[in-house]
J.: 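Sending over a structure as C-alpha cells; questions will come in a sec.
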There are 2 protein chains.
Amino acid sequence: MTFKKNHPTESELEILQVLWELGPSSVRRVNEVLNTKRAVGYTTSLKIMQIMTEKGLVTRDTNSRTHIYQAAVQENETQSSLLDSFISKTYRGCAKSLVLQALGKEKTSPEELAEIKALIAKMEENND
Amino acid sequence: MTFKKNHPTESELEILQVLWELGPSSVRRVNEVLNTKRAVGYTTSLKIMQIMTEKGLVTRDTNSRTHIYQAAVQENETQSSLLDSFISKTYRGCAKSLVLQALGKEKTSPEELAEIKALIAKMEENND
DNA sequence: AGATTAATACGAATGTTATCGTATTTTAAG
DNA sequence: CTTAAAATACGATAACATTCGTATTAATCT
C-alpha cells in the first residue's frame, strides 16, 4: 500500500529487467546483457544505474571496487504501478477495455485461457 | 497492417481523447475541456495541436478563421498500438501477465466478467 | 476606416531522457 | 613504487516534450 510514484523510465526499466533476471550484478554484466539486444555504451549504462541509485530504484554495494547493483523495487509492483498509470492515461481508467483488447489481440494458448478463466471463476466466487 | 510507429505523447493523447469524444473541434473548445482537469494555456494546446497536424495525428479545416481539428487516428488503433508497445516494454511481450494483473487489480463487475468470459469462449471456439 | 476582439504563427525557455567522452580513482601486476 | 588496466564520477550534448509570451493576422463593431 505504499504510494510509489517512482516510475522508471524506459531505459531504467530495461536495466531493472536485467537485474530482476540475473540478481545482483555489476554494471559490466548488465551492460553486456543489454548489448545482446542493442548497442549501448558502458558509461551510458553506468550513468543510468547511478541515477537509479539516487532515485532509489536500485541499491548498490560499494565495498569492492566493482559496485554490485540490485533492484530495490519488485517486478510485480513496478508492473502494477506502470499498469495503473497506463490504464488511466490510455483507457481512461477502464481496465475492462484493456483486458478485452489484450485478449483479442493475439492467439492466447488454451493453457493461458484456462488460467485466466480460473482467475475469473475465483473472482466470481468472491463477488457472491 | 499499417506500420504506425506514430505514438502520441501524453499531451497529444489527452487532446486526441477530447477530439474522439467531441468530434471535430476548435482549439478553444479542446482547451476548455482540458482545463476542466488541469490548467493549460491556450497557446500550449494550440501548439501541440499544430505539431499533431504535422505528425498526421489530426487534420484540420482551415477554411474558416477558426480552424477545426479532427482526429486522424482511431481510438481503438491508437490504444492497440500503445498497448503492444506497453506489453513489450513492461511485460516482455507476455500479454497474459498483463491480463492477469489487470483482472486481479480491482473489482470488476459481474457484467464485465461475463463479457470477458464470452470473449474467451469465442476464442476457444476458434482454437479448435 | 479605425479600434477592438479573437484567432493563429512563431520562437524561446525549461525540463527530462539518453548518450557518450574524458577525467579520476582504485586495484593489481611487474 | 610505478605503471597498466578497469572501474567510477562527472560534465557536455542532443533530442524531445511541454509550456507560454509575443507578434501577426483576420474579423467585427461603431
Side-chain angles (χ1 to χ4, degrees), chain A residues 5-19 22 24-70 78 82 85-86 89-90, chain B residues 5-19 22 24-70 73 78 82 85-86 88-90:
Chain A
K5 210 54 195 156
N6 261 27
H7 285 177
T9 68
E10 207 165 318
S11 296
E12 288 170 349
L13 184 59
E14 278 186 315
I15 288 173
L16 281 174
Q17 283 169 344
V18 174
L19 291 176
L22 298 187
S25 311
S26 67
V27 173
R28 182 148 305 283
R29 188 110 169 67
V30 170
N31 183 250
E32 278 166 7
V33 174
L34 293 181
N35 274 276
T36 61
K37 292 291 177 186
R38 65 191 181 85
V40 197
Y42 172 83
T43 57
T44 301
S45 300
L46 170 65
K47 181 73 164 187
I48 295 177
M49 290 169 80
Q50 286 170 340
I51 291 170
M52 291 170 79
T53 304
E54 284 168 18
K55 290 191 185 175
L57 292 172
V58 299
T59 56
R60 64 176 170 182
D61 178 345
T62 59
N63 286 331
S64 57
R65 175 157 87 112
T66 301
H67 297 180
I68 299 298
Y69 289 75
Q70 149 173 2
T78 301
L82 288 169
S85 166
F86 182 72
K89 285 187 293 201
T90 306
Chain B
K5 211 50 198 163
N6 261 26
H7 285 177
T9 67
E10 207 165 319
S11 295
E12 289 170 350
L13 184 58
E14 277 185 316
I15 288 174
L16 281 175
Q17 283 169 344
V18 174
L19 291 176
L22 300 186
S25 311
S26 67
V27 174
R28 182 148 306 282
R29 189 110 169 66
V30 169
N31 183 249
E32 278 167 7
V33 174
L34 293 181
N35 274 276
T36 61
K37 292 291 177 185
R38 63 190 183 87
V40 197
Y42 172 83
T43 58
T44 301
S45 301
L46 170 65
K47 180 72 165 189
I48 294 177
M49 291 170 79
Q50 287 170 342
I51 292 170
M52 291 170 79
T53 305
E54 284 168 16
K55 290 191 186 176
L57 291 171
V58 299
T59 57
R60 63 176 170 182
D61 178 345
T62 59
N63 287 331
S64 57
R65 175 157 86 113
T66 302
H67 296 182
I68 299 298
Y69 288 75
Q70 152 173 0
V73 293
T78 301
L82 289 170
S85 166
F86 182 72
S88 158
K89 284 186 294 200
T90 306

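Order of the sequence lines sets the chain letters (A, B, ...), proteins ahead of strands, with each chain counted from 1. Every value quoted in this text rests on a predicted model; they were computed, and no experiment measured them.
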J.: What donor-acceptor contacts under 3.5 angstrom involve side-chain atoms of residues 54-61 of chain B, with partners at least two apart or in another chain?
T.:
from	atom 1	to	atom 2	distance (Å)
B:Lys55	NZ	B:Glu12	OE1	3.2
B:Lys55	NZ	B:Glu12	OE2	2.8
B:Arg60	NH1	B:Tyr69	OH	3.0
B:Asp61	OD1	B:Asn63	N	2.8
B:Asp61	OD1	B:Asn63	ND2	3.2

J.: Expressed as a whole number of angstroms, how long is the span from B:Leu13:CG to D:dC16:C1'?
T.: 17 Å
J.: D:dT18 P sits how many Å from B:Gln50 CD, rounded?
T.: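 Computing the B:Gln50:CD to D:dT18:P distance gives 15 Å.
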J.: Would you mind reporting whether A:Leu82 and A:His7 have side-chain heavy atoms less than 4.5 Å apart?
T.: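 Yes, their side chains come closer than 4.5 Å.
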J.: Give the nucleotide from the list C:dT19, C:dT17, C:dA9 with an atom nearest to the side chain of B:Arg60.
T.: C:dA9
J.: Once you round it to whole Å, what is the distance between P of D:dC16 and CE of B:Met52?
T.: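 To the nearest whole Å, that distance equals 17 Å.
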J.: Please give, in whole Å, the distance from C:dT17 P to A:Ile51 CD1?
T.: 8 Å
J.: Base, sugar-phosphate or nothing for B:Glu12? Non-hydrogen atoms, less than 4.0 Å.
T.: nothing
J.: Between A:Arg29 (CZ) and D:dA6 (C1'), how many Å, whole number?
T.: 17 Å
J.: Within the structure, does a side-chain N or O atom of A:Lys47 lie under 4.0 Å from either OP1 or OP2 of D:dA12?
T.: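 No, no such contact exists.
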J.: Using a cut-off of 4.0 Å between protein heavy atoms and nucleotide atoms, how would you tag nucleotides 24-30 of chain C 5' to 3' with B, S and -?
T.: --BS---
J.: Which nucleotide in the list D:dT19, C:dA7, D:dT8 gets nearest to the side chain of B:Ser11?
T.: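 Side chain of B:Ser11 sits closest to D:dT19.
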J.: Contacts to DNA chain D from residues 38-46 of chain A, heavy-atom cutoff under 4.0 Å, which residues?
T.: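 DNA chain D contact set from residues 38-46 of chain A: A:Tyr42, A:Thr43, A:Leu46.
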J.: In whole angstroms, how far is the C1' atom of C:dA18 from the CD atom of A:Glu14?
T.: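 From A:Glu14 CD to C:dA18 C1': 11 Å.
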